[in-house]
Amino acid sequence: MINLRGTWAIYKQEVSRAWRAIFGTIVSPVLTTSLYFVVFGSAIGGQMQAVGGVNYGAFIVPGLLMLTLLSESTSNASFGIYMPRFTGSIYELLSAPVGVAETLIGFVGAAATKSLILAAIILATATIFVDYSIAHPILAVCYIMLVAASFSLLGFILGIWAEGFEKLQMIPMLVLMPLTFLGGTFYSIDMLDEPWRSVALFNPIVYLVNGLRWTFYGSSDVNILVSAGSTVAFLVICIGVIAVIFKTGWRLRS
Amino acid sequence: MEPILDIRGLTKTYSGGLKALDAVDLEVRRGEIFALLGPNGAGKTTLIGAVCGMVRPTSGSIRAFGLDLKSDWREIRQRIGLVPQELGFDIFDTVDRQIRYSRGLFGRASDDGRITEILRSLQLLDKRHDQIRKLSGGMKRRVLIAKALSHDPDLLFLDEPTAGVDVELRRDMWRLIDQLRDQGVTIILTTHYIEEAEEMADRVGIIDKGRILLVDDKDAIMARLGRTEARFVLERPQQSIPEALQSYHVSLHDEGKVLVYRGGDGMGKGKAEIAAIARILIEHGIIFSALDQKESSLEDIFVELMEEQAAG
Ligand SMILES: Nc1ncnc2c1ncn2[C@@H]1O[C@H](COP(=O)(O)OP(=O)(O)O)[C@@H](O)[C@H]1O
Ligand SMILES: [Mg+2]
């Protein structure tokens with residue numbers, strides 16, 4: 001039987017930890033995203049052509065949302081599990097009647113919750129700077145939840161793998177950030193010349209950005225089913241990796 | 001009666017190749033206070049880790065409450081509390097929230113009355129809304145204990161509970177241990193002080209280099225461990241041991257210039273006998289110019305036990 005109270009305790013603890021660090025969790029990403037909207041949406045966006053019939057300011061909303069979603073989900077979850085390892089309080093989790101299910105639902109659920117709240121705030125903030133609409137709101141919410149959960153899982157793996165704060169930041173900074181910038185956040189990959197267009201298709205983030213963009217505007221550079229399918233596949237792989245980590249005790253039990 | 005904890009052939013070899021536990025067999029009885037006594041690096045923390053889940057055993061079996069840890073780990077862990085050797089928690093959190101968190105983590109419904117009771121018993125009540133980082137070292141340790149007690153465990157592990165703590169906390173700790181024993185909680189504590197094992201435990205297990213050397217009732221162990229030694233330096237050399245001293249463990253050394261006593265049970269008998277010997281010497285007009293007295297150290301005793309074992 002799964003320990004529901006244990007799951008709830010972890011979840012609550014993690015959400016309250018984020019609440020304590022309200023600046024890092026909410027204020028700073030909202031501020032950063034707002035700056036992007038001001039610069040790319042309002043200032044530069046006014047000079048830009050509409051992309052596929054969508055006003056440029058509106059076009060970048062899903063991409064910017066994805067940018068924040070990926071980095072915040074990953075870093076929230078990775079910090080969540082790295083901190084107990086760092087402070088030594090992990091002994092309590094290891095000695096408690098909680099297994100992989102409780103730990104994952106607690107930590108990843110909390111990280112994903114934070115991402116969802118953040119996404120809502122960013123979308124609300126965006127209305128100040130640009131006009132946009134959402135064609136498939138329910139699918140958009142589902143997709144945001146799927147991405148938040150997947151990258152929280154990735155963050156959880158990074159938090160177990162990392163053996164120092166630098167390593168913790170490495171993947172989000174050196175891999176996710178560049179790939180997201182190159183992944184069509186600010187442009188449609190149809191604007192690229194060959195061979196760059198084909199190269200871009202190897203960037204997994206392209207599929208995420210376009211998946212979300214499709215739920216907003218009903219159009220996409222890539223097949224939306226490929227986007228959704230690969231995101232689900234990524235989620236399943238992450239869960240599999242974490243299950244193996246718990247089974248072997250890698251980096252957790254000596 | 002079935003032991004509350006039953007360890008068989010427990011071996012742990014760390015990834016570096018170090019064998020921290022070597023085929024340990026150990027039974028702990030329900031309701032007792034069991035002290036695991038051994039020098040630093042003996043494997044005490046590793047043993048606790050293997051039961052509590054921080055260490056993956058290389059081989060052997062662990063049963064608790066009649067259940068197998070491999071299959072019934074959830075039920076077992078729910079009933080175990082652990083106060084680790086090292087401080088470790090989210091220092092930015094408050095005392096109250098940390099303790100509630102622990103209780104929830106172990107699957108217990110929240111209970112304000114119980115939490116308050118635990119906080120009071122550890123003198124933490126007025127600190128309950130403080131951030132842990134603002135507490136002194138001793139107070140932090142109390143929080144760790146409160147966390148371990150938050151889910152009312154039946155079996156409590158205390159890893160070096162009094163190492164580096166102040167007198168007041170030490171006294172509170174012993175009172176708490178007494179109280180818990182009265183409530184029927186089984187307590188396993190580790191220590192590298194003989195006196196501590198002597199003062200608190202019902203039974204003692206001696207561990208060194210990953211091997212359990214001896215497990216017995218405290219009194220029996222202390223009788224074996226307590227080796228009081230006294231050297232009387234005599235003014236005038238003696239040819240033989242006076243009649244009145246024949247019943248004591250004494251011998252003459254250095255051409256009769258030194259009278260050496262070895263004996264005692266570690267619980268005061270040695271000191272009493274030395275006093276008696278001194279009196280007898282004076283009564284017999286045998287003057288001594290110096291008296292040296294010492295208790296054998298844990299180290300001496302380990303060496304002795306190891307030699308005894310090696311000799312079969
Ligand atoms: N995680 C670890 N990896 C490798 N060796 C370890 C680890 N933890 C402890 N040891 C070694 O195992 C031995 C037993 O350690 P420990 O169980 O902590 O002893 P004690 O608690 O009795 O002082 C020591 O030699 C220690 O250095
Ligand atoms: Mg230790």
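The structure displayed is predicted, hence computed values, not measured ones. Chain identifiers are assigned alphabetically (A, B, ...) following the order of the sequence lines, protein sequences preceding nucleic acid strands; residue numbering begins at 1 within each chain.
Remark: Y101(B) OH to S16(A) OG distance equals 10.0 Å, nearest 0.5 Å. The structure places CZ of R5(A) at 9.5 Å from CD of Q78(B), a figure rounded to the nearest 0.5 Å. Interatomic distance, T248(A) OG1 to R56(B) CZ, rounded to the nearest 0.5 Å: 6.5 Å.
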Test side chain to side chain contact (heavy atoms under 4.5 Å, CB included) on D93(B) and Q13(A); report intermediate values, then the result. CA-CA 9 Å; D93(B) 209 357; Q13(A) 183 72 9; 2.6 Å; yes
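Using a 4.5 Å cut-off on side-chain heavy atoms (C-beta onward), T87(A) and D90(B) make no contact.
Only the side chain of Q98(B) comes within contact range of chain A, judged by heavy atoms closer than 4.5 Å. Only the backbone of L87(B) comes within contact range of chain A, judged by heavy atoms closer than 4.5 Å. For chain A, no part of T46(B) is nearby; none of its heavy atoms comes within less than 4.5 Å. The part of R108(B) that comes within reach of chain A is its backbone (N, CA, C, O), which places non-hydrogen atoms under 4.5 angstrom from that chain.
For residues 152-174 of chain A, an interface with chain B (any heavy-atom pair closer than 4.5 Å) does not exist. Contact annotation for residues 138-150 of chain B against chain A (heavy-atom separation below 4.5 Å, listed by residue number): L144(B), K147(B).
Between Y91(A) and G88(B), the shortest heavy-atom contact is CE2-O, 3.6 Å. For the residue pair W73(B) and A96(A), the shortest heavy atom distance occurs at CZ3-O, 4.4 Å.
In this structure F246(A) satisfies the ring pair (Phe, Tyr, Trp, His ring centres under 6.0 Å) test with no other residue, sequence neighbours excluded.
Your options are G88(A), S95(A), A9(A), and the one with the most heavy-atom pairs under 4.5 Å with chain B is S95(A).
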Please tabulate, one pair per line, all N/O donor-acceptor pairs under 3.5 Å involving side-chain atoms of residues 102-112 of chain A, not counting sequence neighbours.
{"residue": "E102(A)", "atom": "OE1", "partner": "G99(A)", "partner atom": "N", "Å": "2.7"}
{"residue": "E102(A)", "atom": "OE1", "partner": "R74(B)", "partner atom": "NH1", "Å": "3.4"}
{"residue": "E102(A)", "atom": "OE2", "partner": "N3(A)", "partner atom": "N", "Å": "2.8"}
{"residue": "E102(A)", "atom": "OE2", "partner": "R74(B)", "partner atom": "NH1", "Å": "2.1"}
{"residue": "E102(A)", "atom": "OE2", "partner": "R74(B)", "partner atom": "NH2", "Å": "3.4"}
{"residue": "T103(A)", "atom": "OG1", "partner": "G99(A)", "partner atom": "O", "Å": "2.6"}

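The number of heavy-atom neighbours closer than 6.0 Å to CH2 of W19(A), taken from other residues, nucleotides and ligands shown, is 12 or below.
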